[in-house]
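Keep in mind the model is a prediction, meaning the values are calculated, not measured. Lettering follows sequence order; numbering is per chain, from 1.
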2 protein chains.
Amino acid sequence: MERYREKGFKLTPQRIAIMKFLEGNKNHPSAEDIYLYVRKTFPTMSFATVYNNLETLREKGHISSLSIDPERRRYDPDTSSHHHLICLKCKMVVDVHADFKVNVPEEQNTAFEVLGSHIEFYGTCPECK
Amino acid sequence: MERYREKGFKLTPQRIAIMKFLEGNKNHPSAEDIYLYVRKTFPTMSFATVYNNLETLREKGHISSLSIDPERRRYDPDTSSHHHLICLKCKMVVDVHADFKVNVPEEQNTAFEVLGSHIEFYGTCPECK
DNA sequence: GTCTTGACAAGAATCATTCTTAAGTGGTAT
DNA sequence: ATACCACTTAAGAATGATTCTTGTCAAGAC
C-alpha cells in the first residue's frame with residue numbers, strides 16, 4: 001500500500017476505502033457499486049468523489065476501466081493484460097487469463113500501430129442458463 | 001432492398017434514408033452522425049426517430065450496435081462476425097476480417113455457454129501518428 | 001370505409017458521467 | 001510544530017447520450 005505514495009497522489013481515507021474495495025475484487029464493479037459500498041463507511045461521500053478517484057487511479061495505472069458493458073463503465077483492479085467473458089443476461093463478467101496469439105493480418109493493417117488487444121467472449125452464465 | 005418487407009416492418013422514407021446511409025458504410029457512425037446526415041433530406045426528422053429505427057433494424061438483425069467507443073454507441077451495417085481496430089486518439093474504427101481461433105480455456109470455462117467473441121485491437125491510426 | 005398496428009415528431013425524462021465552486025486536508029518544507 | 005500549497009472533497013448543477021411519452025398519422029387488414 002505504501003507504494004501508492006507519490007507526487008500528486010494523496011492517500012485520503014476515501015481513496016483508501018475505494019482502493020481497499022477494489023483490491024483483489026473480481027466482480028468488475030461499476031461506479032455505483034463502489035459508491036454504495038464505500039458509503040457505508042463514509043456516509044457523507046459524494047458520487048463525484050468516487051469518479052474523481054477512479055479517474056485518478058486509472059491515470060496512475062492502478063486500475064483499468066472496461067467498456068464491456070454498454071450501460072455503464074466497470075472498473076478492474078487487475079491491470080495485467082487479460083480478457084473477459086460476459087453473460088448477456090445478467091451482465092456478470094469473468095476474467096479470462098490466457099495469452100491468445102492474435103494479430104491484425106498484414107494486408108489489413110494499413111499502417112496502424114497496434115498497441116494491444118482485448119477479447120470479449122459473450123454467452124450465458126451457469127446461473128442464467 | 002425488397003427483402004426488408006416483412007410483418008411489422010414498414011419501409012418509410014425516413015427508414016429508407018437511414019438504411020441507405022448505413023448500407024456499405026465502413027465508418028461505424030454514431031446515432032448523431034446518422035441524424036446529421038439524414039436530416040439534410042428530412043429536415044423535420046427527430047433524433048428519437050433515428051434511435052427508434054436503429055433499434056428496430058438491430059432487432060431484425062439488419063445492423064449491429066458496437067460498444068467499442070465508451071463515449072457513444074456506434075452502428076455497423078456489417079452483421080457478419082468480424083473484429084475491430086480502433087484508434088485511441090481519433091476513435092476511428094476499422095474492420096478486421098479474419099477468423100481467429102480463440103476459445104476460453106477449459107479450466108476457466110466454468111459451465112459458461114460461450115456464444116461468440118469479439119476482438120478489439122487498439123492503437124494509433126496513420127493520421128494520428 | 002373502418003380498425004389495427006406500427007411510425008412519426010416533439011419534447012420531457014432518465015441516467016451515467018463530468019464540471020464547478022467553495023471549503024478542507026495531507027504532506028513537504030520551514 | 002507551523003505554514004503553505006497543491007490536491008481533495010462534498011454538493012449540486014450541468015452535460016450528453018439514450019429512452020420514454022404523448023398525440024397524431026398512414027398503410028395494410030378486414
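For residues 119-129 of chain A, no residue pair satisfies the side chain to side chain donor-acceptor pair (under 3.5 Å) rule, not counting sequence neighbours.
When distances run from any side-chain atom of B:K10 to the nucleotides D:dA27, D:dT18, D:dT8, the shortest one goes to D:dA27. For B:R15, taking side-chain heavy atoms from C-beta onward, the closest of the listed nucleotides D:dT9, C:dA7, D:dT8 is C:dA7. For B:Q14, the side-chain atoms get nearest to C:dA9 when compared with the rest of D:dT8, D:dA17, C:dA9.
When the side-chain contact (heavy atoms from CB on, under 4.5 Å) test is applied to B:T56, the partners found at least two apart in sequence or on another chain are B:F9, B:R15, B:K60. Under the salt bridge (charged side-chain N to carboxylate O under 4.0 Å, His left out) criterion, B:E55 pairs with B:R58, not counting sequence neighbours. In terms of the side-chain contact (heavy atoms from CB on, under 4.5 Å) criterion, B:T41 has no residue partners (sequence neighbours excluded). A:K40 pairs by the salt bridge (charged side-chain N to carboxylate O under 4.0 Å, His left out) definition with nothing, not counting sequence neighbours. Evaluation of the salt bridge (charged side-chain N to carboxylate O under 4.0 Å, His left out) rule for B:R73 yields no partner, not counting sequence neighbours. Checked against side chain to side chain donor-acceptor pair (under 3.5 Å), B:N103 has no partners two or more places apart in sequence or in another chain. Under the side chain to side chain donor-acceptor pair (under 3.5 Å) criterion, A:S30 pairs with A:D33, sequence neighbours left out.
Proximity of residues 40-52 of chain A to DNA chain D (heavy atom under 4.0 angstrom from any strand atom) is restricted to A:T44, A:M45, A:S46, A:A48, A:T49, A:N52. Annotation: proximity of residues 67-76 of chain A to DNA chain C (heavy atom, distance under 4.0 Å) is found for A:E71, A:R72, A:R73, numbered in ascending order.
Axis angle, first five pairs versus last five pairs of the helix from C:dG1-D:dC30 to C:dT30-D:dA1: 30°, rounded to 10°.
Residues A:D69 and A:K91 are not paired through a salt bridge, judged by the lack of any N-O separation under 4.0 Å between the basic side chain and the carboxylate.
Put simply, OH on A:Y35 is 12 Å from C1' on D:dG12, counting in whole angstrom units. Rounded to whole angstrom, the span from the CG atom of A:L54 across to the C1' atom of C:dT18 amounts to 13 Å. Between A:N53 atom CG and C:dT17 atom C1' the separation is 15 Å, expressed in whole Å. Per the geometry, CZ belonging to B:F9 stands 13 Å off P belonging to C:dG6, to the nearest Å. Note: CG (A:L11) to P (D:dC7) measures 15 Å, nearest angstrom.
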Distance-only check: which donor-acceptor pairs under 3.5 Å involve side-chain atoms of residues 83-90 of chain B, not counting sequence neighbours?
| from | atom 1 | to | atom 2 | distance (Å) |
| --- | --- | --- | --- | --- |
| B:H83 | ND1 | B:I119 | N | 2.9 |
| B:H84 | ND1 | B:H118 | NE2 | 2.9 |
| B:H84 | NE2 | B:H28 | NE2 | 3.4 |
| B:H84 | NE2 | B:D76 | OD2 | 3.3 |
| B:H84 | NE2 | B:H82 | NE2 | 3.1 |
| B:H84 | NE2 | B:D95 | OD1 | 3.2 |
| B:K89 | NZ | B:C128 | O | 3.4 |

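Side-chain atoms of B:N25 come within 3.5 Å of backbone atoms of B:N27 as a donor-acceptor pair (strictly under, hydrogens ignored).
An OP1 or OP2 oxygen of C:dG6 is reached within less than 4.0 angstrom by no side-chain nitrogen or oxygen of B:T56. For A:T12 and D:dT9, the shortest distance from a side-chain N or O to OP1 or OP2 is below 4.0 Å.
Within the nucleic acid shown, B:E55 has no heavy atom closer than 4.0 Å to any nucleic acid atom.
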